[in-house]
There are 2 protein chains.
Amino acid sequence: MTTTVEFIEKLRNSGLRPTKQRIKICEVLFNKETTFHFTINDLVKIIEKEANEKISLATVYNTIHAFEKKGYLKEIPIDANQSYFDTNVTDHHHFYDISEKKLIDLDQVDVGPINIKKSVPGKKIKSVEVLVKLDTDNQ
Amino acid sequence: MTTTVEFIEKLRNSGLRPTKQRIKICEVLFNKETTFHFTINDLVKIIEKEANEKISLATVYNTIHAFEKKGYLKEIPIDANQSYFDTNVTDHHHFYDISEKKLIDLDQVDVGPINIKKSVPGKKIKSVEVLVKLDTDNQ
DNA sequence: AATTATATTAAAACCATTCTAAACTGTTGA
DNA sequence: TCAACAGTTTAGAATGGTTTTAATATAATT
């Protein structure tokens, strides 16, 4: 449980003005028991359900991008249709259930160490992401 | 080097009528020394340069999707802006150079075996893809 | 050659995302 | 406290990759 005051602190410390829209989005994203995955569309629906006032779609995009840049969110590449975000910003991997279009976290422990044996001159590794696609098991 | 006749065979064997558009796309995609990565936009430019006649954008999309469904191409998820395709359909992984927006193949050997220790009931693993993001190394 | 099924096409539609520029709000410092 | 400024929100328009449409063309079958 994080208080509104703590979100205001967090925002200010990040150089982001604590507007009521950003505080609301913080509450929706970071005041949950567990981390979760969402699309912008999902998020807008949650906000509309929880809030009594409407937030402009442009503001939702702006805020999500600001949070991503600050490292409070991670974008998960799955397909080219839509952006998926994750409130779990620790290093981890994903299952993607193709039929249900749902993401499931895969801890580092569940995948084991990955050793990249190749390198590209002048470039350094920024991240290593494993995506495991799942299909219905009808044998 | 694959002849036009062989492409016609391949198409027919796949249940795809060998139209001159599809044959042209086959030649652009599968008549190369090495496999490569491309976006639809890249492909259209290559076709326009190589061919004397124009192929409709809708046909390019249709054909790429048909080829993907037949397993002649793989889509690589990188970000949500654009679809990237790979003419290398063997199991392998990728580097993604963020600054240059370029994909580089990573052989299975370069990554080593990946052991997924978690499972989801009723679901089976369809694919395991590793995406290694690269950044300019300015230390 | 006629018929049928499939493919191509240009243009319109679609839809997630970004941009615009005007109105609004938080912050700062006098 | 309040004016001034910089940063933020907003609705709506614009963008751009992708898909759909429905008319025309082509390949396959008879």
Side-chain angles (χ1 to χ4, degrees), chain A residues 4-5 7-28 37-48 51-70 72-73 75-85 101, chain B residues 4-5 7-28 37-48 51-70 72-73 75-85 101:
Chain A
T4 305
V5 175
F7 286 133
I8 291 175
E9 272 306 294
K10 187 179 173 173
L11 286 166
R12 239 193 291 262
N13 291 338
S14 313
L16 298 170
R17 287 189 180 170
T19 63
K20 70 174 189 298
Q21 291 85 346
R22 284 173 176 166
I23 294 163
K24 181 75 222 171
I25 293 173
C26 276
E27 283 166 352
V28 168
H37 308 103
F38 65 94
T39 64
I40 295 290
N41 196 31
D42 294 338
L43 182 55
V44 169
K45 277 183 192 160
I46 299 170
I47 292 168
E48 280 175 358
N52 9 17
E53 46 204 316
K54 194 175 164 290
I55 298 182
S56 157
L57 191 57
T59 301
V60 176
Y61 275 101
N62 287 343
T63 302
I64 292 311
H65 290 152
F67 286 2
E68 194 195 354
K69 203 167 276 175
K70 294 294 172 185
Y72 303 148
L73 288 174
E75 187 170 356
I76 315 297
I78 301 163
D79 58 48
N81 302 323
Q82 224 173 345
S83 288
Y84 284 74
F85 295 90
K101 296 191 176 181
Chain B
T4 303
V5 175
F7 286 132
I8 291 174
E9 272 306 292
K10 185 180 174 173
L11 287 166
R12 238 193 289 261
N13 291 338
S14 314
L16 298 169
R17 285 187 181 173
T19 63
K20 71 173 187 298
Q21 291 86 344
R22 284 173 175 165
I23 294 162
K24 181 76 222 169
I25 292 174
C26 276
E27 281 165 353
V28 168
H37 307 104
F38 65 93
T39 64
I40 295 291
N41 196 30
D42 295 337
L43 182 56
V44 169
K45 278 182 189 157
I46 299 169
I47 293 168
E48 281 174 357
N52 10 16
E53 46 205 313
K54 193 176 165 291
I55 299 183
S56 159
L57 191 56
T59 302
V60 175
Y61 275 100
N62 287 340
T63 303
I64 293 311
H65 289 153
F67 286 2
E68 195 196 353
K69 201 167 281 179
K70 293 293 173 188
Y72 303 149
L73 289 173
E75 187 171 357
I76 316 295
I78 299 164
D79 57 47
N81 303 323
Q82 225 172 346
S83 289
Y84 285 73
F85 295 91
K101 294 190 177 185

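Just so you know, these numbers use all the heavy atoms, side chains as well, and skip hydrogens, waters and symmetry mates.
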For the pair made of [atom1] in [X] and [atom2] in [N], what is the distance, rounded to whole Å?
X       : N      : atom1 : atom2 : result
A:Asp79 : C:dA16 : CG    : P     : 12 Å
B:Leu43 : D:dG17 : CG    : P     : 14 Å
A:Ile64 : D:dT8  : CD1   : C1'   : 15 Å
A:Gln82 : C:dC14 : CD    : P     : 17 Å
A:Leu11 : C:dT25 : CG    : P     : 18 Å
A:Asp42 : C:dC15 : CG    : C1'   : 15 Å
B:Asn13 : D:dA28 : CG    : P     : 12 Å
A:Glu68 : C:dT17 : CD    : P     : 11 Å

Which residues pass the side chain to side chain donor-acceptor pair (under 3.5 Å) test with [X], not counting sequence neighbours?
X       : result
B:Thr4  : B:Glu27
B:Tyr72 : B:Ser14
B:Asp42 : B:Thr39

So [Y] and [X], do their side chains get closer than 4.5 Å, heavy atoms only?
X       : Y       : result
B:Glu53 : B:Lys24 : no
B:Tyr84 : B:Pro77 : no
A:Ile25 : A:Ile64 : yes
B:Val28 : B:Phe38 : no
A:Phe85 : A:Ile40 : yes

Between [X] and [N], is there a side-chain N or O to OP1/OP2 distance below 4.0 Å?
X       : N      : answer
B:Ser83 : D:dG17 : no
B:Arg12 : D:dA28 : yes
B:His65 : D:dT19 : yes
B:Tyr61 : D:dT19 : no

Might you list the N or O atoms of the protein lying below 3.5 Å from N or O atoms in nucleotides 6-10 of chain C, with each pair's distance?
{"unit_1": "C:dT6", "atom_1": "O4'", "unit_2": "B:Arg17", "atom_2": "NH1", "d": "3.2"}
{"unit_1": "C:dT6", "atom_1": "O4'", "unit_2": "B:Arg17", "atom_2": "NH2", "d": "3.3"}
{"unit_1": "C:dA7", "atom_1": "OP1", "unit_2": "B:Arg22", "atom_2": "NH1", "d": "2.9"}
{"unit_1": "C:dA7", "atom_1": "OP1", "unit_2": "B:Arg22", "atom_2": "NH2", "d": "3.3"}
{"unit_1": "C:dT8", "atom_1": "OP1", "unit_2": "B:Thr19", "atom_2": "OG1", "d": "2.6"}
{"unit_1": "C:dT8", "atom_1": "O3'", "unit_2": "B:Gln21", "atom_2": "NE2", "d": "2.6"}
{"unit_1": "C:dT9", "atom_1": "OP1", "unit_2": "B:Gln21", "atom_2": "NE2", "d": "3.1"}
{"unit_1": "C:dT9", "atom_1": "OP2", "unit_2": "B:Ser56", "atom_2": "N", "d": "3.0"}
{"unit_1": "C:dT9", "atom_1": "OP2", "unit_2": "B:Thr59", "atom_2": "OG1", "d": "2.8"}

For this session: Assign B:Asn81 to base, sugar-phosphate, or nothing according to its heavy-atom contacts below 4.0 angstrom with the strands shown.
Result: sugar-phosphate
Return the polar atom pairs (N/O with N/O) between nucleotides 28-30 of chain C and the protein under 3.5 Å, or none.
none

Exercise. What side-chain hydrogen bond (donor to acceptor under 3.5 Å, both in side chains) pairs are there with at least one residue in residues 58-69 of chain B, not counting sequence neighbours?
Worked result: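 Of all non-adjacent pairs touching residues 58-69 of chain B, none passes side-chain hydrogen bond (donor to acceptor under 3.5 Å, both in side chains).
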